[in-house]
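Below: the structure, in structure tokens.
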Number of protein chains: 2
Amino acid sequence: MKSGRRYKNAVYEQFARITKAVASPKRLELLDLLCQGERTVEELAKQAEISVANASQHLQVLRVARLVETERHGVFIVYRLAGQRVCDFFQTIKTLAEQHLAEIEQITRQYLQNQPDLESVDRETLRERVRTGAVTVLDVRPAEEYRAGHIPGALCVPIERLDQYLQSLPTEQEIVAYCRGPYCVLAVEAVSKLKGKGFLAVRMEDGVQEWRAQGLPVTIGEEP
Amino acid sequence: MKSGRRYKNAVYEQFARITKAVASPKRLELLDLLCQGERTVEELAKQAEISVANASQHLQVLRVARLVETERHGVFIVYRLAGQRVCDFFQTIKTLAEQHLAEIEQITRQYLQNQPDLESVDRETLRERVRTGAVTVLDVRPAEEYRAGHIPGALCVPIERLDQYLQSLPTEQEIVAYCRGPYCVLAVEAVSKLKGKGFLAVRMEDGVQEWRAQGLPVTIGEEP
DNA sequence: GTTATAATCAATTAATCAATTGAATATCAA
DNA sequence: TTGATATTCAATTGATTAATTGATTATAAC
């Protein structure tokens, strides 16, 4: 075999290390979670709804491909993305899939149809209403994701603690809930619960990644 | 299982259709070739050095993932990328691999070391020298790729026809050869041959994709 | 030291995938 | 219609891969 061919094979083999690492639905879900912020193996396993051993194995595949890195914090091992570029890469995959695979829109439509009447609000409208204080925005992701970055003015109301916040929420003013983006179901569930309790709740499809990608501001840490 | 989980699984499954399609070195090579321009199955098979049947199968995997599309031209079937976005996606993979996998640089260095002393010239220098006419630029890719887009002022000299052009090339002036980019070996081979014949030849690492990505102009069709 | 917890490792199974071969299909031209 | 060519299909092989299970390692608290 010519040396040129051997070289080419070696190079494409390296490229494929990256693509093979992301060629699994579960690993894509783990990457998606890690785009929202760093996490321990246990948290990742729980949120992706797989066993810890299985999550550990998937994470190591991602690590060997240098897409994620780890750090030991006492008895925990924290995984995080190996850079913003990896998050961008995941967003690219997402966008490509959305634009090339009509099935995704279909699956989403089907899912949303099975949810009780669910309006949603777009970015621009929301931003204007937040600015004028005409709306209450809830970030229903886990608190650590909120701290890693949230939409300015949003309240940190993790979905599992939504019940505790119910009495402090306005009953007349509109409430907008968002989570990790269009394929995350937290906001859908939050809105469903809020509407059941008589609130005026709508969902925003975008997550922080989409918001940031539009060049819109993101607040890091706690709200003042 | 909750409907939220079923929905998530379905969505990530769709994302993975894209990533599984690119999770093979050979399919990445085919995509790389298609980034340079459309081609028939036979041409792709020949350039990737695999059997036609094998190429056909790989191409169909890419087609099912909607990354490429086909058109029948008589007895030929022409494959092309399903949009500029797919080319960008491939470039993203390439960049990510280059930046995260030190092995690639190592492999490249090793390959170039085995080639007889091979200088290379960067984009900016080349552009300036082309502008002032101080250099002859050769595009050593196949003619159809040249027509699909080439660096302004470059001559179309496919490597397999290089011999025929030898007498019309300047012997005193510097000659710069380029091909599909840093991992393509055509320019390396062309420079090697030219230097063997006594020409002042150097290689430019960038291909048209890299050139274009810098916002530099690209000429489509034949030179005037 | 002992214990509890987080994470990884090792071994297994079923499933999926890459490449090869030879046959089948589609188009065009004689 | 027949023959030639480009491509795809179908069946087979060997190689990877995902998920599960139970055992093992590493750390911190007692």
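Sequence lines set the chain letters: A, B, ... in the order given, protein chains first and strands last, and positions in each chain run from 1.
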Under 4.0 angstrom between A/Ser56 side-chain N/O and C/dA7 OP1 or OP2: no
Closest heavy-atom pair and its distance - B/Leu30, B/Ala48: CD2-CB, 4.0 Å
Position toward the 5' end of DNA chain D (nearest nucleotide), A/His73 or B/Glu43: B/Glu43
Atom-pair distance (CG on B/Asn54; P on C/dT21), nearest Å: 11 Å
Sugar-phosphate, base or nothing in reach of A/Val41, heavy atoms under 4.0 Å: sugar-phosphate
Closest non-hydrogen atom pair between A/Gln47 and A/Pro142, with its separation: NE2-CG, 4.3 Å
Nucleotide nearest A/Ile77 (side chain, heavy atoms from C-beta), chosen from D/dA19, C/dA7, C/dT20: C/dA7
Between D/dA18 (P) and B/Asn9 (CG): distance, integer Å: 15 Å
A/Gln57 vs D/dT20: side-chain N/O to OP1/OP2 distance below 4.0 Å: no
Nucleotide nearest A/Thr40 (side chain, heavy atoms from C-beta), chosen from C/dA7, D/dT7, D/dA19: C/dA7
Atom pair distance, as rounded to whole Å: CG in A/Leu44 and P in C/dA6: 14 Å
Other residues, nucleotides, ligands: >12 heavy atoms within 6.0 Å of B/Gln167 CD: no
Under-4.0 Å side-chain N/O to phosphate OP1/OP2 contact, A/His58 with D/dA19: yes
Atom-to-atom span, CZ of B/Arg17 to P of C/dT16 - whole angstrom: 16 Å
Side-chain N or O of A/Arg72 closer than 4.0 Å to phosphate OP1/OP2 of C/dA7: no
Nearest-angstrom distance from the residue atom CZ of A/Phe76 to C1' of C/dA4: 12 Å
Given D/dT7, D/dT21, C/dA7, the nucleotide with the shortest approach to the side chain of A/Ala53: D/dT21
Rounded interatomic separation in angstrom, taking CD from B/Gln60 and C1' from D/dA6: 13 Å
Nearest-Å distance for atom pair CZ/C1', residues B/Arg27 and C/dA18: 8 Å
Side-chain N or O of B/Tyr79 closer than 4.0 Å to phosphate OP1/OP2 of D/dT8: yes
Test ring pair (Phe, Tyr, Trp, His ring centres under 6.0 Å) applied to B/Tyr12 - qualifying residues, sequence neighbours left out: B/Phe15
Atom-pair distance (CD1 on B/Ile50; P on C/dT20), nearest Å: 9 Å
N/O donor-acceptor pair under 3.5 Å between A/Thr19 side chain and B/Val22 backbone: yes
